**Student:** 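Here it is, the structure, as structure tokens.
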Amino acid sequence: MQELIAGIHKFRSEEFGQYKALFQRLAEEGQNPHTLFITCSDSRVLAELITQSKPGDLFVVKNVGNIVPPSTATGSTNSTAAAIEFAVEVLGVQDVVVCGHSQCGAMKALVTTPDLSSMPHLEGWLSLATPVRDAVLLRYSHLTDLDQQVTAAAEENVLFGLESLKTYPAVRRRIEEGTLRLHAWFFKIATAELFAYEPTTHKFVPLVGPKQLRFDFGHKPE
Ligand SMILES: [Zn+2]
């Protein structure tokens, strides 16, 4: 906790000056984020840091394993679903990123199926991604290395996330209007590299420049 308090003081005394006008404007005018960014609760994945975003840029959802529940899921899945509806319907974000990452504990649990009976909420949450485990078993059974299996699960999981997003009426409507794009990303922790799924080649490729924005699922073909 001391680290947090010290950080708050440091931010107030050293960093806040450069953000003061921005925070003031955001308070007066409200937020208008361009992107809904769904990523893992993992402490090593910092959406704003790795995309160099400012306050007001990203509407961020962090949950265990960056799982996107289908719109039909109920119960403890509601907070992510609520954030999706609000960002797409009310805030009018133009992009939705589902960003998985390497060495993901949730994906490892999905692959190794440890006993989670003492954590029923976690067990229930991960069960939403059962189709991801099925896909890994079906397509990646040749992978013997656990790290590679976890990476495969993380990649399948963000693609599953995009499919789940499309089950939300608001998302479907915005895609049909041509005003919303969906992106599946993968963050490699050790090198801080970002990869984006390229639908035409079915591969995750390094995200290197703005032209990469064409790798989206949302916009209708022109
Ligand atoms: Zn994770």
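Since the structure is predicted, the reported quantities are computational estimates derived from the model, not experimental observations. One-based numbering, in listed order, for ligands and for the atoms of each. As a basis for the values below, the full set of heavy atoms in this structure was taken, side chains included, without hydrogen atoms, waters or symmetry mates.
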**Student:** Does a donor on one side chain and an acceptor on the other come within less than 3.5 Å for His183 and Tyr197?
**Tutor:**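 No donor-acceptor contact under 3.5 Å links the two side chains.
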**Student:** Angle class for the Phe186/Phe195 ring planes (parallel below 30°, perpendicular above 60°, tilted otherwise)?
**Tutor:**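 If you compare the ring of Phe186 with that of Phe195, the planes turn out tilted.
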**Student:** Check this for me: Lys62, atom NZ, are more than 12 non-hydrogen atoms of other residues, nucleotides or ligands nearer than 6.0 Å?
**Tutor:**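 It does: Lys62 NZ has more than 12 such atoms within range.
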**Student:** Tell me which pairs pass salt bridge (Lys or Arg N to Asp or Glu O under 4.0 Å) where either residue lies in residues 8-24, with sequence neighbours left out.
**Tutor:**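 Only Lys10-Glu14 qualify under salt bridge (Lys or Arg N to Asp or Glu O under 4.0 Å).
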**Student:** Please indicate how many protein N/O/S atoms are found closer than 2.8 Å to the Zn ion (ligand 1), with waters neither displayed nor included.
**Tutor:** 3
**Student:** At their closest point, which heavy atom of Thr39 faces which heavy atom of Cys99, and how far apart are they?
**Tutor:**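 Shortest heavy-atom contact: OG1-O, 2.8 Å.
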**Student:** Looking only at the side chains, is there a donor atom on one of Tyr140 and Glu156 sitting less than 3.5 Å from an acceptor on the other?
**Tutor:** yes
